Amino acid sequence: MSLNMVAGLVWGAGVVGWYVIRFPHALRAKRMAVERAPGRALELVLLVISFTGLFTVPFAWVMLGWPRAANYAASPWLIAAGALVFAGSLRLFARTHRDLGKNWSVTLEVRTQHRLVTEGVYARVRHPMYAAFWLWALAQALILPNTVAGLAGLVGFGTLYFVRVGREERMMREKFGDEYQAYTTRTGRVIPRFRA
Ligand code: SAH
């Protein structure tokens, strides 16, 4: 088996693991009543961009070898490092879903029964699920020996992150007021904050 095939299998295993973790939450989320959903159309565009970078472009490389001109020699060490980062991403991803529970949504939404989560992996970071996606994008860059497929995740998810995160925090501040304001002063966005 070639190293390129190993790279494709490792990346594919990460994506399947991600889907297994997410699936039950996606099913449950469909049944939750929504109070507010700001910027619906923009949110859908962001999802498509992020999905293209984290899935469609690397999938095209794994299945079709496209774009061949951007290939470089695979390194077993980079693939192994990427596998570790992907494993860490999935672990964090599972914990964010557990801690966020019924408050999770794929696009920006405030639920009628929304509760502000500030414990577990949310104690020191406001966006641990986005931190997990950053780790996925980093793992993809390490695993896939192709500059386009490798970097697509950082570009695609990065676009969603930077366009969404300020809007998400504004939405949370409108809903939870001083409680959210206080929460922002003791946490970091994706990098844990340990002192006030
Ligand atoms: N940005 C968070 C959550 C991603 S899911 C993270 O990266 O972990 C996006 C949804 O989560 C948003 O629609 C918002 O309603 C909800 N959300 C974000 N932070 C929250 C929190 N601390 N408590 C409860 N819900 C939250």
Side-chain angles (χ1 to χ4, degrees), residues 14-15 17-55 85-140 153-194 196:
V15 175
W18 175 85
Y19 194 70
V20 168
I21 298 167
R22 160 133 307 172
F23 186 66
H25 299 280
L27 277 187
R28 186 189 57 211
K30 283 195 188 132
R31 302 193 304 263
M32 308 291 302
V34 177
E35 178 181 298
R36 230 182 304 167
R40 253 257 117 95
L42 173 60
E43 284 294 309
L44 291 178
V45 171
L46 291 177
L47 273 193
V48 170
I49 293 173
S50 183
F51 185 82
T52 303
L54 288 172
F55 185 75
V85 174
F86 218 142
S89 159
L90 294 186
R91 200 182 145 170
L92 178 59
F93 192 72
R95 291 172 70 173
T96 60
H97 263 306
R98 196 182 57 207
D99 290 346
L100 206 52
K102 294 180 174 172
N103 303 290
W104 172 77
S105 52
V106 68
T107 54
L108 289 190
E109 284 176 7
V110 173
R111 296 308 183 24
T112 44
Q113 308 257 330
H114 217 108
R115 178 178 78 84
L116 180 64
V117 176
T118 61
E119 68 283 336
V121 279
Y122 286 82
R124 295 183 192 287
V125 222
R126 297 194 288 288
H127 305 289
M129 191 175 287
Y130 299 158
F133 278 111
W134 276 121
L135 289 176
W136 165 347
L138 174 66
Q140 178 177 324
L154 290 166
V155 175
F157 178 69
T159 304
L160 178 143
Y161 176 81
F162 287 111
V163 176
R164 183 192 272 180
V165 75
R167 296 166 49 243
E168 176 165 339
E169 295 194 347
R170 196 169 335 121
M171 177 188 87
M172 297 304 279
R173 203 170 284 119
E174 279 165 14
K175 171 72 182 171
F176 294 102
D178 293 345
E179 194 188 353
Y180 192 74
Q181 190 55 43
Y183 176 55
T184 60
T185 61
R186 59 175 195 271
T187 49
R189 270 184 165 160
V190 286
I191 297 171
R193 175 133 157 203
F194 289 98

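Order of appearance sets the numbers: ligands from 1, and atoms from 1 within every ligand. Note that the coordinates shown come from a computational prediction; the quantities given were computed from them, not determined experimentally. Values below: all heavy atoms of this structure, side chains included; hydrogens, waters and symmetry mates excluded. Index from 1, following the sequence.
- With rounding to the nearest 0.5 Å, the separation of CD in Q181 from CZ in R173 is 4.5 Å.
- Side-chain rings of F133 and F93 approach one another, their centers coming within less than 6.0 Å.
- Taking atom 2 (C) of ligand 1 as the reference point, the nearest protein heavy-atom neighbour is E168 OE2, 3.5 Å.
- Contact check for L116 versus M172: side-chain heavy atoms found under the 4.5 Å cut-off.
- The line from CZ of R36 to NE2 of H114 is 10.5 Å long, rounded to the nearest 0.5 Å.
- Across E169, R111, H97, H114, heavy-atom proximity to atom 25 (N) of ligand 1 is greatest for H114.
- Neither the backbone nor the side chain of T118 has any atom closer than 4.0 Å to an atom of ligand 1 (non-hydrogen atoms only).
- Considering both main-chain and side-chain atoms, W104 never comes within under 3.5 Å of ligand 1 through any nitrogen or oxygen pair.
- Ligand 1 has a nitrogen or oxygen under 3.5 angstrom from a nitrogen or oxygen of M129.
- Heavy-atom separations between V110 and ligand 1 are all 4.0 Å or longer.
- For W136 and F86, the distance between ring centers is under 6.0 angstrom.
- Taking any N or O of H127, backbone or side chain, at least one lies under 3.5 Å from an N or O belonging to ligand 1.
- Side-chain N or O atoms of Q140 include one that pairs as donor or acceptor with a backbone N or O of G53 at under 3.5 Å.
- Between M171 and ligand 1, a contact under 3.5 Å exists for no N or O pair.
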### Query
Can you check salt bridge (charged side-chain N to carboxylate O under 4.0 Å, His left out) on E109 and R40, steps first, answer last?
CA-CA 9 Å; E109 284 176 7; R40 253 257 117 95; 2.9 Å; yes
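- Nearest residue to atom 12 (C) of ligand 1 from A132, P128, S105 is S105 (criterion: closest heavy atom).
- A salt bridge does not link R167 to E169: none of the charged nitrogens lies less than 4.0 Å from a carboxylate oxygen.
- A heavy-atom separation below 4.0 Å is not found between T96 and ligand 1.
- The distance criterion of under 3.5 Å between nitrogen or oxygen atoms is not met by Y183 with respect to ligand 1.
- Residue contacts with ligand 1 include T107, since one of its heavy atoms falls under 4.0 Å from the ligand.
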